[in-house]
Every structure is written in C-alpha cells, then in structure tokens.
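These notes are about the structure you will find just below.
Each chain gets a letter, A, B and so on, in the order its sequence line appears, and its residues count up from 1.
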Amino acid sequence: MQTTNFQPQPVTRQQLLDKLNTQQQDAVSLGWGPALVVAGAGSGKTTVLTRRVAWLLSELRQPPYSVMAVTFTNKAAAQMKSRVESLLGEGVAKRLTIGTFHSICARILRREISAYESAEGFKWKSNFVIYDETDTLNVVKGVVSKLNLDEKVFAPKEMRHSISALKNDGLNAHQYSQEARNYRDQRLSEIFTNYQSELARNNALDFDDLIALFNDLMEQNEEVRRRVHDQYRHLLVDEFQDTNKAQYRFIRLLSFDENPQDEGMRRQRWENRSLMVVGDVDQSIYSWRKADFRIILGFQNDFKEAAVVKLEENYRSTATILQVANSIIINNSERLEKTLRCNRGEGGKVRCYGASDEIDEAFFVVDELKRLGARSLRLSDCCILYRTNAQSRAIEEVLVRSGIPYVMVGGTRFYDRAEIKDVIAYMKLVYNPDDGIGFQRVVNNPRRGLGKTTLERVAEYAAQNNLSQIDAASQATAISDVSPKAAKTLIDFANSVRRWQTMSGVMSVAALLELVLRESTYLAALEKDAAESKDEVVLGRIDNVRELVVVAQEFEQSADEPTLESFLTRISLVSDLDSADMNQDSIKLMTLHSAKGLEFPTVFMLGLEEGLFPHIRSLNSPSALEEERRLMYVGVTRAEDRLYLTYSRRRSTYGETSYTIPSRFLSEINGEYLQGFQADPESAFRAESGSKSYASGGSYAPPQERGRPARSGYEEYSEERHGRLGGGKNDVLQQKPKPRVLSRRPGGEGAEEQSSVKPVANFQRLCVGDNVMHAKFGVGKVSQVIGEGDKELYNVEFQTAGKRLLDPRFAKLVKLD
DNA sequence: CTCCCGCAGGTTTTT
DNA sequence: CCTGCGGGAG
C-alpha cells in the first residue's frame, strides 16, 4: 500500500492512520500503558501491529532500540520487519528488536548469561549451544541410565516431554524438587535436576531454557533486570492466545518490576512504557506446547488499566467462507462469543470432494488447479493444507507427476538430516568445545576406529572429573582401559578441534566450514562411500553438505553480524518454514499449524476424516477436540476467495490401508454454503453429539443412553458403512484401542498426559446452572464452564453485575443451593 | 571394532 | 513405512 521505501523522513500521522477503520485507528494511536487487542481472523492485525510500531517511533518519539515485538515464528518476524521497513526505512527497522520469544531470549542471554546461577549452582558461559530434540533426548537417556532407572518405567521420551512441560509452566528444577510428592514425581525431579546439570556441563541449553533461564535471571539479578528494563520500554506480542506461562512471565517481567497497588504509582510506572498484546481465542492451537488461552482471557484482570480494542471486521474472506468458519466454531463451548463482520461480497460456495483414496484426492486438487489455471489463476495464490506432515507424500507425488511446481513449507527439515546434523555438530563443537553430545556424535564420524567401549570410558572419565569430554579426550592416556592407539586418535581429534577453534577467530564461517569438512575428512569419507556403493542416497548427502556450504556463504552476505555464533544460533532456531520463498510461482504445501497468520486466495484443505482431522489423539478429550475445531477454523479463515475441503474414504497409513469416514467438521457446516457434501442425517457427528466420547474402545463401552447399543457412535457408523467392505484387520476400529493402552501408566490412574506433573488446584467445582455468591458481584448463576480439570473457568451471570468470566482459583465463589 | 541383519516401535501439530 | 537399536558374526 505504502510506497515510502527508504524515505528518511518519518511518516505522517495521516499516513499511519490511512485506510484504517475506527477500531484499528484506536489501537494504532494508543498512548502509554497496557492494551489488549482482540483481533479476529483477517481483521488486519499485522497492519495494526506494524503501524503501531511506526506510531511509537514517529508520533510518540520513541527510539527504535526501545521497541521489542514478539512473534511466534521467525517468518512472522521477518514479515513484520519488512513491513516496518517499508514504512520507516531500512535503517530504523534494523534497530528494532523483532523476533520470536526464543530468538530474543537467546540474544539477550548471549550477553547476560554469565551472571546467572541456578539454585543448584549450575552455570553457563556465553558461548552456549542450543540442543535440539534429539540432543536433549540423548541427554535424558544418559541421565536415566546413570540414575539406574528402568527405561521402561521412566521412558526417556516421556521424561523429556514432562521436563519441557514443567519449564513451559514456569517451573525450574529446583522449584519442582520442592513440589514433587509421589515416587514417580520425585524420580522425575531427580532426572530434571540431573538433566540441567548435564546441560550446564555441556554448556548447552534446550529450547525451553532460553525463556526459562532468561526469566530466572531477570528475577534473580537486579542489574540485568534494570538493563533490560531500561532498554525495552515498548513490548508488542502477536498471537497472544498461544502464549504459555513461561512466555507470559517473560512479558510481565519486561513490563514491570513489581505490581504496585497504588493507582498513582501504577500510572507513573507506565509513563513512556507500553505493552500491546494481540490475539484471538478462537485461533489458539498450541495447547500441546502448553499454550494456555486462559492467559488472554485473564489479561484484563492482571492488567486492570489495560485498554481494550476489538477488531471485528474481516477484510480477508468472502461472506460464504466466513459463514462456514462461523458454523464450525460455534460448536465450541470453550469460547467467548464474538462476531466477525464481513467486508466483502458473498463469493462462491465452498466445494467438498469425497475421494476414494489419497491419490484420487491429490488428483482432484491437480485437476482443479489446471481448471483454475486456465482461468489465469496464479499457482502462488494457492495453498494446500493438511493436518499431519505425513499427508504431504501423496500430494507431492501427484504434483511431481503432473509437473506442477510446489514448495513444501516445514516437513522434514533440511537441518534435521543426519549429514547436516553431523556437520553442524562439528561446528558447534568448535564454537563450544564443552558440547559433549556433539563430541559423541562426531568423534568417530567418519570412522576413526573408536568403539563404543572407548567412548563410554571417555564420557565416564569426563563425568567423574567434571571435565568436558574434549578435555577428557586430551587426557586419554590417563584413562584406564583405553588402548594406546585409541588414546592417540582421541588426542589428535581434540587437537584438531582446538586448532579449528583458533582458526574460527580469523576465518569466515563458510571458510571455516570448508576447512573442517576437509580436515575432518568427513566429506572425503562420504565421497568414498558414494564411489564404492554408487548409492543415490549417499550422493544426495554430498549434495546436502555442499548445500550447507552455500547456506553459510549466503549467510555471510546477508547477515548483520556474520559470526559463527549468530550462524549457529540461527540454524538452531530457524526452520525451513522461515526461509521458504512465498513469492515464487509455485503452490505451497504446509500443515495447518504452519499456515497460521498466512492468507491465500485459494485454499485446499485435505484429509477431513474422523481420526485424522480431528486427529485420533483428540477424540477422547473434549477440550482437545475443541482445539482441533479451532485448527479447522484457522484453516478455513486462511482462504480469501475459494475454499476446497476434501476427504478420502480410504487412506494408507503405515503402509496399511484403513477405511475412514468424513470428518464431523464437514457435518457442522451449514449445508447451504457447501457444495458436494451431504451430511448424513443418521450421522453421529452432528453438533449435539460432538462432545461425547467416541473413543471408548472395543465392545467394553458402557451402554449409552437413548437405547443405543453398547458401542460408540463412531463404531456404529463406521461399521454400517464399511464393515462389509473393508472387513476385519484393516479397519480403523481394530487399531483404536492400541494408543489408549500405550498412554496408560503403570499404577497411574491419570489417563491425562501430564496429570502427575501439575499441582492440583483446590477450588469449588461448579456446573452450568449452579447458583453462586461472590463477595463483590453478589448472587449469580453459572452460564458456562470453560476448560477442564484444574483449568476450569466459569462464566457467571450476576443479577446486578452482569456477565463475568471468573477463575475459581482466584475469585471466591460460594455455591448456593 | 565394524558391519549387517532383524525387530520393535512410533507419526499431530513446532520454537 | 522408515528409523533406530541390539545382537551376533567376522
């Protein structure tokens, strides 16, 4: 819209408010203090955020370095940067802090981490490395075996997941150790503490630590707090509905030191400071990462002086698409009513296609693309969305065969490939020689004749003497039971790493990478393999490694700071998602989660089948199911003009074929907006039954009300439809009970994943219709229960004070009878 | 110590 | 289906 590129002058007030509606203008032109912007899908929140940043700089005269904007993906950050750039010029945009929680915290920790010390005395150095999923899993495995715990009972993956959940809930190892009550939790606590100790010894952090340690550091160190506080005076947070407790703590820590009770002090505190959070409860889709939409619901309670702006005008989609979105989301009970006003014409009906299998489904998409292409639709205006990454295979195959260019966003990441991880591990080790996981990964890769036992001895020796593994390797002759030959290899290796480390001070990243590839003989070994086996896979690996060199070269050209440090941080935190070129003339493929925040004229949503979308893992939890529905809502509202929904009657998973039935979400759509799908009137999946459990497996299910047979609606329907067709083994139903068994813990009654982790909140549980008494609001009636378990919230209609959303853990509600 | 084979187990979504 | 791992042979 604006063509003020590189214009040195600040934009005018009028330009910043140009073409905005009243609410948008209100949001952009707010003064100091906290603000909540409730922004429905397609309501122009990115525009509001970027103009708000510009407003802070040009109207409120704030220096660029004082502004921090947090987004959920690096891509969103890049997008915001470039939009601010086009408003204010490149020079200004560069001095803003725009990024994800993780990348911003990483940047600050690089500077400040040496001031940190955990309650247990764990410390880190500024050249820490960031461990990914595999690295951390290896650490947990090591800890579990060191503690002599049974891997069956304390499955490393589960432990790793629990630790992550704890960190995201804002608990560190020390705090959790005070809380762990039963046997299992105490062992978990032990694992947690040892895990942190191992990370510290390796001078490594995991993803969650980036935020958690930053928070702890801010709390424990006044100097750091002051420095951060003095610099960042304006915080903007996008996708606020998806923040978790740790991230919220970050936001609060940045916004104020403590919470003064006095009104005047509070006003003073916000002088020259601001906080703007932007979100939409209906688009909360990351609860599995411990995002908690109660945070956005409770924001006004935490920040009583917060201004609230609602953006309810949708500029993106046709009326029909919005109706479809609405007819789906109204089936959720965990939400606050909201109306999105449409700003566009009616548009065509949403089209549904029932395919016979996933190949047929893919061909339908391709045929439609061709048809639309004939009407001069650009490929880059189209997007294919699916629930799981695995679904991309079929569609990719057909696209390739049809010669249609596509870009897959996300999926198997380039940086996840074994050879890339090897090479990165070398570089990380050069940057941070304490990195023991990296050491173990590369010390015998390529083969240097070091065996399992030798490497175990090294790790043991290092642990016993509190050394890094590379230092242990240097002293290999002192380790008992290591052969002289192996010792020499170890010493040579350690010396090489040290030499590369010295070189890293005087070489560019790409040059260093090439040096390491050469001297480690990693590349030579790959080439030898390839020459011997003529294996295409190995050839591909060589290409990938070469590609990484190109990535490093490009990085040197484009980065502000082309250091090894920023290269490694970037690689650890950036996914393919962020680098995908969205402008290329090719169709985009991505998961629904990756599509958040994007929009496309034409959208295809694939795999609308029970068990896939909604996903099978969500079928036995009402609130998980509602998250699936929000995901559906997000998908539908990505579309501007044209939307296709497809399902397939047959689908192969694991190489086995199963028969499926159309997603309940299709049945929820008002038929007048949908073409090509007839909701079965006998279907068990209409809105009413939506919250019932369909996963009560096998024939053990208790008899249901209304004279249903002793089988769930899911089975009943499926069998009626496919029982005779697919028959026995391959039927979805047969596989159903399996995941339930797996999720059950020995001795644990909790079917819910993290039930043993969380402290259980104590409060009076209420149901819809209960009459209650509140000290301030008087007598009222519960009109809605939001959330479940210890996360319950109550919407209470008071006789005098109107409707209020209350958190029973804070609000004193007395039940009347 | 390395290589190779067979088997089990796991796939939701991502920073 | 595809990966990672353990066990056994060379």
Side-chain angles (χ1 to χ4, degrees), chain A residues 70-77 99-106 130-134 136-138 141 151-152 155-158 164 167-168 205-212 239 242-244 246-247 284-291 385-394 409-413 415-418 444-455 483 485-486 489 529 537 569-578 590-596 607 611-619 624 627-628 630-632 634-635 652-657 735 738-739 742-743 753:
Chain A
V70 187
T71 59
F72 256 74
T73 61
N74 292 292
K75 186 182 56 190
T100 60
F101 282 105
H102 295 88
S103 67
I104 288 174
C105 287
I130 300 163
Y131 275 0
D132 67 12
E133 215 99 319
T134 331
T136 54
L137 190 64
N138 284 331
K141 276 181 187 163
E151 286 213 358
K152 293 264 160 44
K157 249 192 173 162
E158 219 175 296
S164 173
K167 287 179 177 176
N168 284 323
L205 298 178
D206 65 21
F207 280 133
D208 309 313
D209 280 334
L210 293 172
I211 297 169
E239 310 283 9
D242 278 322
T243 45
N244 59 36
Q247 290 161 335
S284 171
I285 54 174
Y286 280 93
S287 71
W288 48 276
R289 235 168 69 186
K290 299 249 88 185
L385 302 177
Y386 36 80
R387 176 70 240 267
T388 66
N389 280 307
Q391 285 171 259
S392 71
R393 290 188 61 163
V409 189
T412 322
R413 289 163 61 233
Y415 300 110
D416 278 347
R417 290 163 210 243
N444 194 39
N445 185 357
R447 305 256 125 86
R448 295 188 175 95
L450 298 169
K452 206 175 131 197
T453 33
T454 305
L455 294 181
S483 73
K485 195 167 151 248
T489 311
D529 274 7
V537 181
T569 307
R570 179 131 124 200
I571 278 181
S572 303
L573 298 177
V574 165
S575 62
D576 285 3
L577 187 90
D578 309 307
M590 65 189 91
T591 63
L592 286 150
H593 282 88
S594 310
K596 184 160 90 155
L612 182 59
F613 191 25
H615 194 270
I616 190 152
R617 303 273 289 248
S618 69
L619 293 182
E627 178 146 312
E628 295 287 303
R630 290 193 291 272
L631 194 53
M632 177 77 187
V634 167
S652 13
T653 34
Y654 291 105
E656 260 189 297
T657 308
Q735 298 167 8
K738 216 171 153 192
L742 287 175
S743 72
E753 200 68 88

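Here A:Y286 lies in heavy-atom contact (under 4.0 Å) with sugar-phosphate atoms only. When heavy atoms are screened at a 4.0 angstrom cut-off, A:S103 is found touching no nucleic acid atom at all. Using a 4.0 Å heavy-atom cutoff across all strands shown, A:R393 reaches sugar-phosphate atoms only and no base atom. When heavy atoms are screened at a 4.0 angstrom cut-off, A:L450 is found touching the sugar-phosphate backbone but no base atom. Within 4.0 Å of A:K157, counting heavy atoms only, lie sugar-phosphate atoms of the nucleic acid but no base atom. At the heavy-atom level, A:T453 lies under 4.0 Å from the strands shown only through sugar-phosphate atoms. Nucleic acid contact for A:F613: none, since no nucleic acid atom lies under 4.0 Å from a heavy atom of the residue.
To the nearest angstrom, C1' of B:dT15 lies 9 Å from CG of A:D208. Rounded to an integer number of Å, the gap from A:R448 CZ to B:dT2 P is 12 Å. Per the geometry, CG belonging to A:N244 stands 16 Å off P belonging to B:dT14, to the nearest Å. Rounded to whole Å, atom P of B:dT15 lies 9 Å from atom NZ of A:K75. Summarising the geometry, the separation between NZ on A:K596 and P on B:dT15 is reported as 10 Å, rounded to the nearest angstrom.
Looking at A:R630, its side chain never comes within 3.5 Å of a backbone N or O of A:I285 through a donor-acceptor pair. The backbone N or O of A:E239 sits nowhere less than 3.5 Å from a side-chain atom of A:T243 that would complete a donor-acceptor pair. The closest donor-acceptor contact from the side chain of A:N444 to the backbone of A:G449 lies under 3.5 Å.
Contact detail for A:Q247 and A:I211: the closest heavy-atom pair is CG-CD1, 3.9 Å. Listed here is the closest heavy atom pair of A:K596 and A:V634: CA-CG1, 4.4 Å.
A search for salt bridge (Lys or Arg N to Asp or Glu O under 4.0 Å) contacts involving A:E628 returns A:R387, not counting sequence neighbours.
Closest contact between the side chain of A:E133 and the listed nucleotides B:dT12, B:dC1, B:dT15 involves B:dT15. Among the nucleotides B:dC1, B:dT15, B:dC3, the one closest to any side-chain atom of A:R447 is B:dC3.
Annotation: of the two residues near DNA chain B, A:I285 and A:G449, the 5′-most nearest-nucleotide partner is A:G449. Nearest-nucleotide positions on DNA chain B for A:L631 and A:N444 put A:N444 closer to the 5' end.
Counted by atom type alone, A:D208 and A:S164 present one or more donor-acceptor pairs between their side chains at under 3.5 Å. A:S103 and A:T100 form a side-chain donor-acceptor contact under 3.5 Å, judged by distance and modelled atom types alone.
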Distances for protein N/O vs nucleotides 3-6 of chain C N/O pairs under 3.5 angstrom?
from	atom 1	to	atom 2	distance (Å)
C:dC5	OP1	A:K141	NZ	3.2

Do any N or O atoms of the protein come closer than 3.5 Å to N or O atoms of nucleotides 7-10 of chain C, and which pairs are they?
none

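Proximity of A:N389 to the phosphate of B:dT14: a side-chain N or O atom is located under 4.0 Å from OP1 or OP2.
Between the side chain of A:R617 and the base of B:dT12, no donor-acceptor pair of N or O atoms lies under 3.5 Å. Applying the 3.5 Å distance criterion, the base of B:dT13 shares a donor-acceptor pair with the side chain of A:W288.
Between the CD atom of A:E627 and the CH2 atom of A:W288 there is a distance of 9.0 Å, given to the nearest 0.5 Å. To the nearest 0.5 Å, atoms NZ (A:K290) and CG (A:N244) are separated by 9.0 Å.
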